[in-house]
Amino acid sequence: MAFPKDVLTSDEHVVLHLHPHWKALIRPVFVLVVALAAVVASLIFLPMLATYVVGGLALIAVLWLALWPFLVWKTTHYVFTNERVLIQIGVFSRDRRDIPLARVNDHSMSQTFVERILGCGTLVIESAGERGQSVLHDIPGVEKVQTTLYELVEADRDKHSLGDDELRRALKEAQAE
């Protein structure tokens with residue numbers, strides 16, 4: 001379930017590739033442990049028929065409350081490249097949003113007290129276009145990610161704009177013609 005490299009352009013490279021923070025897996029792990037404990041306890045204390053019922057309920061709980069959130073976590077990709085931000089979500093179907101760095105107008109981050117302790121937060125990217133705002137929840141190391149995004153946007157703007165020397169040279173060439 002890795003991010004496919006074939007969606008990148010030839011001169012594009014990945015700077016950051018993130019999944020949501022591991023805190024999204026706390027509940028699935030808790031459900032798995034409780035389900036296993038329930039099955040073991042039913043094997044020890046209940047008749048075999050009741051153990052089958054508990055095992056069936058535990059299996060449903062694990063599939064619904066543990067495996068599915070894990071798959072959603074694993075298939076959610078936040079990819080920052082030298083040209084764009086890609087947000088890809090989906091287990092069976094897939095939704096992907098590409099935000100070219102040239103269209104990023106603003107970005108901000110926020111953290112609750114618990115998120116500060118865990119080292120994650122929410123990153124909001126404002127972009128020019130119809131969709132406007134993208135909210136990326138549970139970003140691990142959100143402060144570093146925001147700084148990296150700022151550096152990428154500035155590098156992209158520098159790459160696509162003329163410096164003072166280049167502008168003077170272009171003006172001299174235009175006047176010479």
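Only heavy atoms go into these numbers, but all of them, side chains included; no hydrogens, no water, no symmetry mates. If you read the sequence from its start, that first residue is 1, and numbering goes on from there.
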* Asked: If we only count heavy atoms from C-beta on, is the Val7 to Arg96 side-chain gap below 4.5 Å?
  -> yes

* To do: Would you confirm whether Gln111, through its side chain, and Cys120, through its main-chain N or O, come within 3.5 Å as a donor-acceptor pair?
  => yes

* **Leu18 side, atom CG; Leu136 side, atom CG - distance, nearest 0.5 Å** => 9.0 Å

* To do: Quick one: closest heavy-atom pair of Pro140 and Pro20, and the distance?
  => CD-C, 4.2 Å

* Look at atom CH2 of Trp64 and say whether more than 12 heavy atoms of other residues, nucleotides or ligands are closer to it than 6.0 Å. => no

* Flag yes if more than 12 heavy atoms outside Arg116 fall under 6.0 Å of its CZ atom; otherwise flag no. => no

* **Spacing of CG belonging to Asn105 relative to CD belonging to Gln133, to within rounding of 0.5 Å** => 11.5 Å

* When the aromatic ring centroids of His17 and His19 are compared, is their separation below 6.0 Å? -> yes

* To do: Provide the closest heavy-atom pair for Ser134 versus Ile87 in the form atom of the first, atom of the second, distance.
  => CB-CD1, 4.0 Å

* To do: Any chance you could measure Phe70, atom CZ, to Arg27, atom CZ, to the nearest 0.5 Å?
  => 15.0 Å

* Asked: Val91, Leu25: one ILVMFWY side-chain cluster at the under-4.5 Å cut-off?
  -> yes

* To do: Could you state whether Leu149 and Val15 fall into the same hydrophobic cluster, counting links through intermediate Ile, Leu, Val, Met, Phe, Trp or Tyr residues with side-chain heavy atoms under 4.5 angstrom apart?
  => yes

* Rounded to the nearest 0.5 Å, how far does OG1 of Thr76 lie from CD of Gln88? -> 9.0 Å

* Does atom NZ of Lys159 have more than 12 heavy-atom neighbours, drawn from other residues, nucleotides or ligands, at distances under 6.0 Å? -> yes

* Non-hydrogen side-chain atoms of Asn82 and Glu12 separated by less than 4.5 Å -> yes

* From the options Asp98, Thr9, Asp156, select the one residue that forms a side chain to side chain donor-acceptor pair (under 3.5 Å) with Arg84. => Asp98

* Using the rule that two of Ile, Leu, Val, Met, Phe, Trp, Tyr join whenever any of their side-chain heavy atoms come within less than 4.5 Å, decide whether Ile60 and Leu67 are in one cluster. => no

* Asked: Is it true that a side-chain atom of Ser127 and a backbone atom of Arg103 form a donor plus acceptor pair closer than 3.5 Å?
  -> no

* Can you measure from CG (Leu123) to OG (Ser108) and round to the nearest 0.5 angstrom? => 7.0 Å

* Side-chain contact, heavy-atom cut-off 4.5 Å: Leu101 with Phe80? -> no

* To do: For residues His13 and Leu8, determine if any side-chain heavy atom of one lies less than 4.5 Å from a side-chain heavy atom of the other.
  => no

* Can you tell me how far OG1 of Thr148 sits from NZ of Lys144, rounded to the nearest 0.5 angstrom? -> 4.0 Å

* State plainly whether one hydrophobic cluster holds both Val85 and Met109, where clusters connect Ile, Leu, Val, Met, Phe, Trp and Tyr through side-chain heavy atoms under 4.5 angstrom apart. => yes

* To do: Indicate if Val135 and Tyr78 have the same hydrophobic cluster label, given that clusters are the connected sets of ILVMFWY residues with side-chain heavy-atom separations under 4.5 angstrom.
  => no

* Are the side chain of Thr75 and the backbone of Gly90 linked by a donor-acceptor contact shorter than 3.5 Å? -> yes

* To do: Evaluate the side-chain proximity of Asp11 to Glu83: yes if any heavy-atom separation is below 4.5 Å, no if none is.
  => yes

* To do: Measure the shortest side-chain to side-chain distance between Leu118 and Trp22 over non-hydrogen atoms and say whether it is less than 4.5 angstrom.
  => yes

* Asked: Under 4.5 Å between any side-chain heavy atoms of His77 and Leu86, yes or no?
  -> no

* **Contact check, side chains of Thr122 and Val142, non-hydrogen atoms, under 4.5 Å** => no

